[in-house]
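Okay, so here's the structure we're looking at.
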Amino acid sequence: MKGLVCLLLLLETFVCVVQHQVDGGLNENEISQQLRSEDGRQNPPQTDTLRDEASTDSQQNYHLFFTDIHAALRELTATVTEQKVNIRALETQLREQQTFILEELNKKNDEISNLTLGQVELRKENRDREIAFSASLMQSGSGNIGPFTTDITLTYRKVFTNIGNAYNPITGVFTAPLKGAYMFRIFVYGYGGTTASVSIIKNGEHMVMAHDIQAQDRINSSNGVVLILEVGDVVYVRLWSGTRIADSYNNHNSFSGFLLFPLR
């Protein structure tokens, strides 16, 4: 279509030139120049138009390229910001967990320390409760003890057991180191013809008695008692006046006692 229009314009120009030449006119060169000039006006060079179009396309592509970069940067910035927020939240949570764990560890350490102290105190308390003794009259040999004109305190010198060292084999006296309930027992042995009588004494007061009498042959007796003792109370065994007992390496006569349980 564009070519047809150009052809018509050229024909019109040619007609006008010929007419002008006829009318008083132009030479051949002028006609040729005029035709070239007209053709130039109708068909201008396409170089500038193409350059402008290329420049426009380049600018559009440049704009689109940087628009995409900016969008990507904004998205990346948003992602980084979100990750920072998440990291801060995780750090806060981690610190809280660390604090909680440290507090729990401190509690456990305190419990262990308290338990250890409690065990030490319990062991000490148990050691304090370990009170027991047992002894017989003669360390060696054999023979009679008594009769005497007055009551005497028997000293059981051969010690079998003395846990807590509350019994004194020199004096024959047990001294309570702890308030509590104690069990005591005595065994008596002798020969007939003379009475055998001994008593358990608490702080000078008669508690129980082991007694036997036979005209002939051997005599023996025993007794026991549970006593409530305060710290410092004393317990011992007395041989009655006018009575007699006998002992030997067989350890027939004995005095024993132990703590049943402490009292507050």
Side-chain angles (χ1 to χ4, degrees), residues 116-148 150-191 194-212 218-241 243-264:
T116 302
L117 292 175
Q119 289 176 338
V120 171
E121 293 175 357
L122 182 60
R123 283 196 292 267
K124 182 179 182 300
E125 184 177 349
N126 288 335
R127 284 196 299 270
D128 293 340
R129 295 178 179 180
E130 295 172 352
I131 303 168
F133 76 96
S134 184
S136 66
L137 281 173
M138 292 185 175
Q139 288 182 317
S140 61
S142 60
N144 293 322
I145 296 95
F148 300 101
T150 61
D151 297 349
I152 66 165
T153 299
L154 293 173
T155 55
Y156 295 81
R157 296 184 179 276
K158 186 174 183 179
V159 177
F160 302 112
T161 305
N162 193 13
I163 300 172
N165 295 315
Y167 174 73
N168 187 339
I170 297 175
T171 62
V173 176
F174 171 85
T175 304
L178 186 68
K179 180 181 179 180
Y182 292 81
M183 176 71 190
F184 296 95
R185 291 193 66 83
I186 52 175
F187 290 88
V188 176
Y189 178 84
Y191 296 104
T194 304
T195 302
S197 299
V198 299
S199 297
I200 294 178
I201 308 298
K202 170 190 172 183
N203 296 335
E205 182 181 357
H206 171 81
M207 296 288 105
V208 295
M209 178 182 183
H211 171 80
D212 194 14
R218 300 173 183 84
I219 56 178
N220 59 77
S221 180
S222 66
N223 209 340
V225 64
V226 175
L227 300 177
I228 304 300
L229 302 181
E230 300 287 342
V231 176
D233 285 349
V234 294
V235 177
Y236 49 93
V237 179
R238 273 187 178 173
L239 176 67
W240 287 26
S241 62
T243 65
R244 181 182 65 186
I245 57 177
D247 204 9
S248 68
Y249 61 89
N250 289 317
N251 305 311
H252 297 290
N253 292 271
S254 65
F255 175 37
S256 303
F258 55 89
L259 174 68
L260 292 173
F261 50 85
L263 297 173
R264 296 186 181 277

Legend entry - Polar side chain donor-acceptor pair, S256 to S134, under 3.5 angstrom: yes

Legend entry - Other residues, nucleotides, ligands: >12 heavy atoms within 6.0 Å of Y249 OH: no

Inset, instruction - Specify whether Y167 and F255 have parallel, tilted or perpendicular ring planes, treating 30° as the upper limit for parallel and 60° as the lower limit for perpendicular. - result: perpendicular

Inset, instruction - Decide ring-ring contact (aromatic ring centres under 6.0 Å, His included) for F184 and F174; before the verdict, give the C-alpha distance in whole Å, the side-chain angles of both, and the deciding distance to 0.1 Å. - result: CA-CA 10 Å; F184 296 95; F174 171 85; 5.4 Å; yes

Legend entry - Least distance between heavy atoms, P169 atom then V159 atom: CB-CG2, 3.7 Å

Inset, instruction - Check T153 against T171 and note the closest heavy-atom contact, atom names and distance. - result: CG2-O, 3.8 Å

Inset, instruction - List the steps and the verdict of side-chain contact (heavy atoms from CB on, under 4.5 Å) for F160 and N251. - result: CA-CA 11 Å; F160 302 112; N251 305 311; 3.7 Å; yes

Legend entry - K158 side chain vs S254 backbone, donor-acceptor pair below 3.5 Å: no

Legend entry - Residues in side chain to side chain donor-acceptor pair (under 3.5 Å) contact with R244, at least two apart in sequence or another chain: T194

Legend entry - Among V234, L259, V235, side-chain contact (heavy atoms from CB on, under 4.5 Å) partner for L229: V235

Inset, instruction - Determine the minimum heavy-atom distance between M138 and I145, stating which atoms define it. - result: CE-CD1, 3.8 Å

Inset, instruction - Report the relative orientation of the aromatic rings in H206 and W240; use parallel for angles under 30°, tilted for 30 to 60°, perpendicular for over 60°. - result: perpendicular

Legend entry - Reported CZ-to-OG1 distance for the pair R238 and T243, which is rounded to 0.5 angstrom: 12.5 Å

Legend entry - Closest non-hydrogen atom pair, E130 against I163: O-CG2, 3.1 Å

Inset, instruction - State the CD1-CG distance between I201 and D151, to the nearest 0.5 angstrom. - result: 8.0 Å

Inset, instruction - Name all residues meeting the salt bridge (Lys or Arg N to Asp or Glu O under 4.0 Å) criterion together with K179; count only those two or more places apart in sequence or in a different chain, and write none if there are none. - result: E230

Inset, instruction - Rounded to the nearest 0.5 Å, what's the gap from OH on Y191 to CD1 on I219? Could you check? - result: 10.5 Å

Inset, instruction - Could you grab the distance from atom OG of S142 to atom CG of D247, nearest 0.5 Å is fine? - result: 8.5 Å

Legend entry - Within-4.5 Å side-chain heavy-atom neighbours: T161 and F133: no

Inset, instruction - State whether the side chain of D212 and the backbone N or O of A196 hold a donor-acceptor pair below 3.5 Å, judged by distance alone. - result: no

Inset, instruction - Quick one: pull up CZ in F258 and CZ in R129 and give me the separation to the nearest 0.5 Å. - result: 15.5 Å

Inset, instruction - Kindly compute the distance separating OG (S222) from CG (N253), expressed to the nearest 0.5 Å. - result: 11.5 Å

Inset, instruction - Check whether any side-chain N or O of S221 sits under 3.5 Å from a backbone N or O of H211 as a donor-acceptor pair, and report yes or no. - result: yes

Inset, instruction - Side-chain contact test, heavy atoms from C-beta onward, threshold under 4.5 Å: evaluate it for N168 versus T175 and give yes or no. - result: no

Inset, instruction - Give a yes or no on whether the backbone of M209 and the side-chain of N223 come within a donor-acceptor separation of less than 3.5 Å. - result: yes

Inset, instruction - Identify the heavy atoms of Y236 and G172 that sit nearest to each other, and give their distance. - result: CB-O, 3.6 Å

Legend entry - N/O donor-acceptor pair under 3.5 Å between N144 side chain and G146 backbone: no

Legend entry - Heavy-atom side-chain contact between H252 and I245 under 4.5 Å: no

Legend entry - Nearest heavy-atom neighbours spanning I131 and P177: CD1-CG, 3.3 Å

